[in-house]
Peer 1: 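One structure, as structure tokens, below. Some questions next.
Count residues from 1 along the sequence. Just so you know, these numbers use all the heavy atoms, side chains as well, and skip hydrogens, waters and symmetry mates. Here the structure is a predicted model, which means the values were calculated and not measured.
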Amino acid sequence: MRFFACTFDKVLIRFFLMMACVIGGLFSGQPLIAVLALPLFLSAILGVSFMPEKEVAEVATQVSMKPDARKTKNAA
């Protein structure tokens, strides 16, 4: 589990799930369901990634540019 390693789309999905828990729980009259929104909120704000450390290292790749890649004749 790593903090601040989550992508923006996953944070957005967690936010919508949190809002669905709150709205669904309060409209159904079950406020305990709304309490389940707290872990979703914390995981979205902290950007918690549940991928193992080994897989996270494989996902992030580094692209190195050659020094002459910025010249206009080599750009295309």
Side-chain angles (χ1 to χ4, degrees):
M1 181 169 77
R2 293 183 49 202
F3 294 107
F4 308 113
C6 201
T7 59
F8 183 72
D9 58 341
K10 290 181 183 178
V11 170
L12 197 62
I13 290 171
R14 289 177 189 177
F15 177 75
F16 284 130
L17 284 173
M18 175 198 68
M19 292 307 296
C21 284
V22 170
I23 293 170
L26 293 179
F27 274 123
S28 67
Q30 302 292 326
L32 290 177
I33 294 175
V35 174
L36 292 176
L38 181 65
L40 288 170
F41 171 73
L42 291 176
S43 69
I45 292 298
L46 294 174
V48 176
S49 175
F50 295 105
M51 291 175 42
E53 297 285 335
K54 187 172 103 177
E55 290 183 23
V56 171
E58 292 173 3
V59 171
T61 59
Q62 182 177 2
V63 177
S64 61
M65 293 181 60
K66 296 179 182 175
D68 59 345
R70 290 191 167 208
K71 295 180 182 176
T72 56
K73 64 180 180 180
N74 295 336

Peer 1: For Leu40 versus Cys21, what's the shortest heavy-atom pair and its separation?
Peer 2: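 The answer is CD1-SG, 3.9 Å.
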Peer 1: Provide the closest heavy-atom pair for Ala44 versus Val11 in the form atom of the first, atom of the second, distance.
Peer 2: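 Reported closest heavy-atom pair: O-CG1, 3.7 Å.
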Peer 1: Closest heavy-atom contact between Val22 and Ala37?
Peer 2: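 Taking every non-hydrogen atom into account, CG2-CB, 3.4 Å.
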Peer 1: Please tell me whether Leu42 and Val48 are part of a single hydrophobic cluster in this structure, the criterion being side-chain heavy atoms less than 4.5 Å apart.
Peer 2: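 No, it is not one cluster - the side chains of Leu42 and Val48 are not joined through contacts under 4.5 Å.
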Peer 1: Please say whether more than 12 non-hydrogen atoms of neighbouring residues, nucleotides or ligands are located less than 6.0 Å from CZ in Phe50.
Peer 2: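 Yes, enclosed.
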Peer 1: In Å, rounded to the nearest 0.5 Å, how long is the span from CD1 of Ile45 to CZ of Arg14?
Peer 2: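 Rounded to the nearest 0.5 Å, the CD1-CZ separation comes out at 11.0 Å.
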Peer 1: Report yes or no: do Val35 and Leu17 belong to one cluster of Ile/Leu/Val/Met/Phe/Trp/Tyr joined by side chain heavy-atom distances under 4.5 Å?
Peer 2: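 No, separate clusters.
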Peer 1: Evaluate the side-chain proximity of Met18 to Ser43: yes if any heavy-atom separation is below 4.5 Å, no if none is.
Peer 2: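 SC-SC contact between Ser43 and Met18 ruled out.
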Peer 1: Going only through I, L, V, M, F, W and Y residues with side-chain contacts under 4.5 Å, is there a path from Leu26 to Phe16?
Peer 2: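 No, separate clusters.
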Peer 1: CZ/Phe27 to CD1/Ile33 distance, rounded to the nearest 0.5 angstrom?
Peer 2: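 Interatomic distance, Phe27 CZ to Ile33 CD1, rounded to 0.5 Å: 14.0 Å.
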Peer 1: What about Leu46 and Leu12, same hydrophobic cluster or not, with Ile/Leu/Val/Met/Phe/Trp/Tyr joined at side-chain heavy-atom distances under 4.5 Å?
Peer 2: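 Hydrophobic grouping puts Leu46 apart from Leu12.
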